[in-house]
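Below you'll find the structure, written out as structure tokens, and then a few comments.
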Amino acid sequence: VFTTNAGAETFSDLQAMYQKQVSDMSDDEAQHEQRKLLKSYMPLIQRALQSKAAQFPPELLGRFDTIVPFSGIAVSTRYKICKVQLDKLKQNVLKEHGVHLHIDSNVNDYIVREHLGANAANSGGGREIRRRIDADVVSKVAEVLVKYPKMKDLRVTVLGHMSWNDKNDNEGTAEIGVGTWDGIDRD
């Protein structure tokens, strides 16, 4: 196994095209589309590896059985990762604090689409989802738990407007809110 960033520019173009085409496909459809795109881009990737900038001699490249470029994860997979991570958070908060955490479905959209967008493929994928949950959800849940230690039910939702599904709005006002069913704490 040999890894390199050589050819990354060529592959990033492919990734951008891939993300645009598969954003709303199922995992199986996305994998099929990825294979088709990769097959068409493979000659470009091979040329990039043979370029002077990569500095790989043809003798070395001839020893490779196959080239397997890293690819980002589909949006549907990001949603699954987000759901698993949020479910773990709910279990942990219940176990550690005896608090039932109710997470609105729009929180998934906020994490997966509003914050990560098309750049998730190049920003750590599942790891970036985890970081966003820690920064945006866990921190606010912790603040409310400290502020209201006797609370037994918390709601996590998105406050404000998300821009990911509004082509005319590049800057949403959305933020995570955590509070009781009656009200959500805002900073």
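Thr180 and Met151 make their closest contact through CG2-CE, 3.2 Å (heavy atoms, listed as atom of the first residue, atom of the second, distance). The two residues Met162 and Glu114 come nearest to each other via the heavy atoms CB-OE1, 3.2 Å. Pairing each heavy atom of Ala174 with each of Val158, the nearest pair is CB-CG1, 3.7 Å.
Note on Tyr148 and Leu145: same hydrophobic cluster, where clusters join Ile, Leu, Val, Met, Phe, Trp and Tyr whose side-chain heavy atoms are under 4.5 Å apart, directly or indirectly.
To the nearest 0.5 Å, atom NZ of residue Lys90 and atom CG of residue Leu154 are 12.5 Å apart. For the atom pair CG (Asn108) and CD1 (Ile103), the distance works out to 8.0 Å, reported to the nearest 0.5 Å. Rounded to the nearest 0.5 Å, atoms CD1 (Ile129) and CZ (Arg132) are 11.5 Å apart. The line from OH of Tyr110 to CG of Asp136 is 4.0 Å long, rounded to the nearest 0.5 Å.
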How far apart are the C-alpha atoms of Arg131 and Glu128, what are their side-chain angles, what is the distance that settles it, and do they pass the salt bridge (charged side-chain N to carboxylate O under 4.0 Å, His left out) test?
CA-CA 5 Å; Arg131 284 190 284 269; Glu128 184 58 23; 2.9 Å; yes

Would you check, one step at a time, whether the test side-chain contact (heavy atoms from CB on, under 4.5 Å) holds for His100 with His102?
CA-CA 6 Å; His100 293 274; His102 307 275; 3.8 Å; yes

Derivation of the side-chain contact (heavy atoms from CB on, under 4.5 Å) call for Leu159 and Ile176:
CA-CA 6 Å; Leu159 305 172; Ile176 294 293; over 6 Å; no

Please test Val137 against Val107 for side-chain contact (heavy atoms from CB on, under 4.5 Å), starting from the C-alpha separation and ending with a verdict.
CA-CA 9 Å; Val137 180; Val107 172; 4.2 Å; yes

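With contacts defined as side-chain heavy-atom distances shorter than 4.5 Å, the pair Thr157/Asn106 qualifies. With a 4.5 Å cut-off on side-chain heavy atoms, Val99 and Leu94 do not count as touching.
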Please report, to 0.1 Å, the donor-acceptor pairs under 3.5 Å made by any side chain of residues 79-89, with sequence neighbours excluded.
unit_1 : atom_1 : unit_2 : atom_2 : d
Tyr79  : OH     : Asp109 : OD1    : 2.4
Tyr79  : OH     : Arg113 : NE     : 3.2
Lys80  : NZ     : Asp27  : OD2    : 2.9
Lys83  : NZ     : Asp87  : OD2    : 2.8
Gln85  : OE1    : Arg130 : NH1    : 2.9

